[in-house]
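Presented below is the structure to which this report refers.
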Amino acid sequence: MKTGQQHIAGLRDGRAVFIDGRRVDDTTRHPAFRNAIQSVGKLFDFAADEANRELMTFATPAGRANRIWQLPETFQELRQRRTALEEWGGLHAGFLGRAPDHVASCIAGMYMGLDQFEAYDKDRAKALADYYTYARDNDLYLTYVIINPQADRSKSAAQQKDAFLTTGVVDQDAEGITVRGAKMLATGGIMADEVFVTCIQPLQPGDEPYALSFAIPMNSKGLQILSRKSYEASSQSVFDNPLSSRFDENDAVLYFDDVKVPWDRIFVYKNLEMCQKQFHATPAHVYQNYQAMVRLSVKVRFLIGMARRIAETNGVLGFPQVRETLGQLAAEGGMVDAFVAAMEIKGTKYGRYYVPDRHTLYAAQTLTQQLYSKILNTLRELAGGGMIMLPSSVQDLANPEIAALVEKTQQSPAASATDKVKFYKLAWDAVGSEFASRHQQYEMFYAGATFVTKNHSFRTYDWDAAGGLVTNMLSSYELADELKTSQAA
């Protein structure tokens with residue numbers, strides 16, 4: 001178990017991060033990234049704290065390890081791991097979508113399906129098994145890039161104008177392979193130790209050079225990290241932007257400029273079928289997205305708590321229509337919690353491991369993609385102008401003359417003027433800021449476009465059971481019998 005200080009020190013590794021036209025010398029001190037990096041450091045401190053030993057760690061042959069790497073073999077162990085993920089998620093209210101527990105869940109799920117890799121290639125299976133152990137025992141923070149650049153979506157990776165628009169193999173030798181091209185979307189990558197690189201999108205015959213799966217350090221020679229605009233950089237005050245100033249995990253495009261990948265870091269090589277099977281024939285896809293639903297349940301709980309606080313701050317909690325609105329939100333939050341519990345209860349064994357139920361997971365993702373925007377709109381309706389008509393910055397409260405006017409104009413039956421402003425600054429950062437807009441987009445698409453999640457739901461639903469009910473009902477009566485009865489009458 002590493003501490004936050006150790007994790008942050010490990011990020012000073014010479015990685016090539018670019019933002020605003022320049023290369024960043026030290027991300028841990030740069031105003032675009034430093035606060036979010038400190039927030040990640042606090043996650044590791046929490047997990048490493050001796051007081052949280054039983055909650056956040058489990059026993060391995062090498063000692064205690066973070067539960068994000070745990071491989072549950074029973075329902076009870078899965079629930080125990082979930083409790084740890086919820087506690088971690090509470091530290092950022094679910095706003096770090098690619099916190100260390102996400103990709104760790106993916107790699108753990110792949111390891112659970114090691115039999116699939118052994119049937120494909122024993123050397124690649126050994127590479128995966130060794131990597132899982134290495135990542136677990138070194139408490140690594142991984143991001144991943146599993147989507148190809150958008151470019152011309154009507155064409156396959158091999159059909160693009162630039163053969164190396166998408167990350168593909170340039171050559172190979174006894175030591176490994178050399179790759180060139182871009183991948184997206186390295187959410188949290190600037191704060192991560194390593195990156196898992198593969199393709200979750202279906203590939204076509206001819207795309208074999210792009211059908212890869214490997215993991216490398218973020219400071220690998222030739223790996224260039226192109227950051228999007230930093231919301232943290234424009235959020236100078238935690239009081240004014242409590243979320244975007246501390247939890248902007250950032251997103252980045254990665255460009256592999258002839259990066260060398262050793263064979264012991266390669267899990268799939270030029271195999272279209274295995275590129276898909278690593279996710280869907282193993283527990284990986286279910287396990288990583290189960291983690292995402294646990295995180296989202298924490299985030300929804302936070303937003304529902306904010307909705308009630310809006311009603312209390314505005315003195316409208318007793319209004320019947322407001323209580324109706326809050327009741328609807330509470331029901332929707334209960335639905336998300338129920339989905340998480342149901343996918344655990346309905347879980348099944350994959351070999352020795354206990355895995356959440358696939359269809360319940362995909363049903364949850366399908367519905368929550370639609371739900372998140374609805375919750376944000378409900379918060380807007382409850383708040384009215386309260387989230388907009390706020391002091392321009394914390395500096396207004398530092399000026400006694402302006403602060404006196406704020407005291408008069410920001411009144412609430414449930415809070416002081418300062419507390420009301422503090423709360424509504426938080427609400428706006430969660431609902432209406434540029435940071436909030438990015439999160440709305442993220443929750444809509446982190447699991448794929450809506451047609452993707454709906455198709456996952458379609459292919460995993462028990463159609464035989466549903467169709468059997470229809471067949472049984474149809475077989476319970478016959479036209480000939482009805483005609484006989486009618487004639488007799």
Side-chain angles (χ1 to χ4, degrees), residues 103 106-107 109-132 142-186 194-216 220 222-223 253-288 448-449 452 455-456 459:
V103 181
C106 174
I107 299 297
M110 288 171 61
Y111 181 86
M112 292 178 191
L114 200 60
D115 59 315
Q116 297 289 336
F117 285 85
E118 289 173 342
Y120 153 63
D121 186 317
K122 291 189 180 302
D123 289 337
R124 306 282 63 80
K126 183 178 185 304
L128 173 61
D130 290 346
Y131 185 75
Y132 164 79
L142 274 73
T143 185
Y144 61 23
V145 282
I146 59 177
I147 301 294
N148 297 332
Q150 287 187 332
D152 187 345
R153 283 288 173 89
S154 69
K155 297 179 179 178
S156 70
Q159 294 170 341
Q160 300 296 323
K161 290 181 179 179
D162 182 352
F164 291 105
L165 169 66
T166 294
T167 303
V169 179
V170 177
D171 60 30
Q172 68 177 79
D173 57 27
E175 296 179 1
I177 65 174
T178 300
V179 297
R180 182 189 305 160
K183 294 291 279 191
M184 52 187 279
L185 196 58
E194 301 204 359
V195 57
F196 172 47
V197 184
T198 189
C199 187
I200 198 170
Q201 296 162 297
L203 297 172
Q204 301 177 15
D207 289 341
E208 286 79 7
Y210 314 100
L212 306 171
S213 178
F214 61 87
I216 56 172
S220 296
L223 177 53
V253 172
L254 300 189
Y255 187 78
F256 298 82
D257 189 6
D258 287 6
V259 175
K260 189 75 173 185
V261 184
W263 287 112
D264 63 0
R265 290 300 196 96
I266 299 171
F267 318 132
V268 176
Y269 182 61
K270 289 187 174 181
N271 190 292
L272 303 179
E273 182 183 11
M274 194 60 202
C275 228
Q276 287 294 295
K277 290 180 72 174
Q278 67 178 331
F279 287 108
H280 300 296
T282 76
H285 196 251
V286 169
Y287 209 57
Q288 73 187 49
V452 173
N455 272 281
H456 286 326
R459 68 179 175 81

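- Arg180 is linked by a salt bridge (Lys or Arg N to Asp or Glu O under 4.0 Å) to Asp258, counting only residues two or more places apart in sequence or in another chain.
- Between the OH atom of Tyr120 and the CG atom of Asp115 there is a distance of 15.0 Å, given to the nearest 0.5 Å.
- Asp130 meets the salt bridge (Lys or Arg N to Asp or Glu O under 4.0 Å) test with Lys126; sequence neighbours excluded.
- A search for side chain to side chain donor-acceptor pair (under 3.5 Å) contacts involving Gln288 returns Tyr144, not counting sequence neighbours.
- Legend: residues meeting ring-ring contact (aromatic ring centres under 6.0 Å, His included) with Phe196, ordered by chain and number and at least two apart, are absent.
- Contact between Arg265 and Ala215 at its shortest, heavy atoms only, is NH1-O, 2.9 Å.
- Without hydrogens or angle criteria, Arg124 side chain to Ile266 main chain gives a donor-acceptor distance under 3.5 Å.
- Counting only heavy atoms from C-beta outward, the side chains of Val195 and Val145 approach each other to under 4.5 Å.
- Across Gly206 and Ala158, no two heavy atoms sit closer than the pair O-CB, 3.3 Å.
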### Query
Can you list the steps and then say if Phe164 with Val179 is a side chain to side chain contact (heavy atoms under 4.5 Å, CB included)?
CA-CA 9 Å; Phe164 291 105; Val179 297; over 6 Å; no
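- Minimum heavy-atom separation, Trp263 to Ala174: CD1-O, 3.1 Å.
- Looking at residues two or more places apart in sequence or on another chain, you find no side chain to side chain donor-acceptor pair (under 3.5 Å) involving Asp121.
- Annotation: side chain to side chain donor-acceptor pair (under 3.5 Å) contacts of Tyr287 (sequence neighbours excluded): Arg81.
- In this structure, the separation between CD on Gln160 and CG on Asp207 is 9.5 Å, given to the nearest 0.5 Å.
- Tested against Lys183 for a side chain to side chain donor-acceptor pair (under 3.5 Å), the candidates Asn148, Thr198, Thr167 yield a single pass: Asn148.
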Enumerate, atom names and distances included, each donor-acceptor pair closer than 3.5 Å involving a side-chain atom of residues 267-275, sequence neighbours excluded.
| from | atom 1 | to | atom 2 | distance (Å) |
| --- | --- | --- | --- | --- |
| Tyr269 | OH | Gln172 | OE1 | 2.4 |
| Asn271 | OD1 | Glu273 | N | 3.2 |
| Asn271 | OD1 | Met274 | N | 2.7 |

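- Under the 4.5 Å side-chain criterion, counting only non-hydrogen atoms from C-beta, Thr166 is in contact with Pro149.
- Cys199 approaches Gln276 most closely through the heavy-atom pair O-NE2, 4.1 Å.
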Side-chain donor-acceptor pairs under 3.5 Å in residues 279-286, sequence neighbours left out?
| from | atom 1 | to | atom 2 | distance (Å) |
| --- | --- | --- | --- | --- |
| His280 | ND1 | Arg459 | NH2 | 3.2 |
| Thr282 | OG1 | Gln278 | O | 2.6 |
| Thr282 | OG1 | Ala284 | N | 3.1 |
| His285 | ND1 | Tyr362 | OH | 2.7 |
| His285 | NE2 | Asn289 | ND2 | 3.3 |

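- Side-chain contact check for Val259 versus Phe214: every heavy-atom pair is 4.5 Å or farther apart.
- By the side chain to side chain donor-acceptor pair (under 3.5 Å) test, Asp152 is found to be paired with Ser154, residues two or more places apart in sequence or in another chain being considered.
- Residues satisfying the side chain to side chain contact (heavy atoms under 4.5 Å, CB included) test with Asn455, not counting sequence neighbours, are Phe451.
- Contacts of Asp173 classified as side chain to side chain contact (heavy atoms under 4.5 Å, CB included), with partners at least two apart in sequence or in another chain: Glu175, Lys260.
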### Query
Is there a side chain to side chain contact (heavy atoms under 4.5 Å, CB included) between Phe256 and Ile216 once you walk through the steps?
CA-CA 11 Å; Phe256 298 82; Ile216 56 172; 3.8 Å; yes
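- At a threshold of 4.5 Å between non-hydrogen side-chain atoms, the residues Glu194 and Ser220 do not count as touching.
- Under the ring-ring contact (aromatic ring centres under 6.0 Å, His included) criterion, Tyr111 pairs with Tyr132, sequence neighbours left out.
- Here the closest heavy-atom approach between residue Ala129 and residue Leu114 is recorded as CB-CD2, 4.0 Å.
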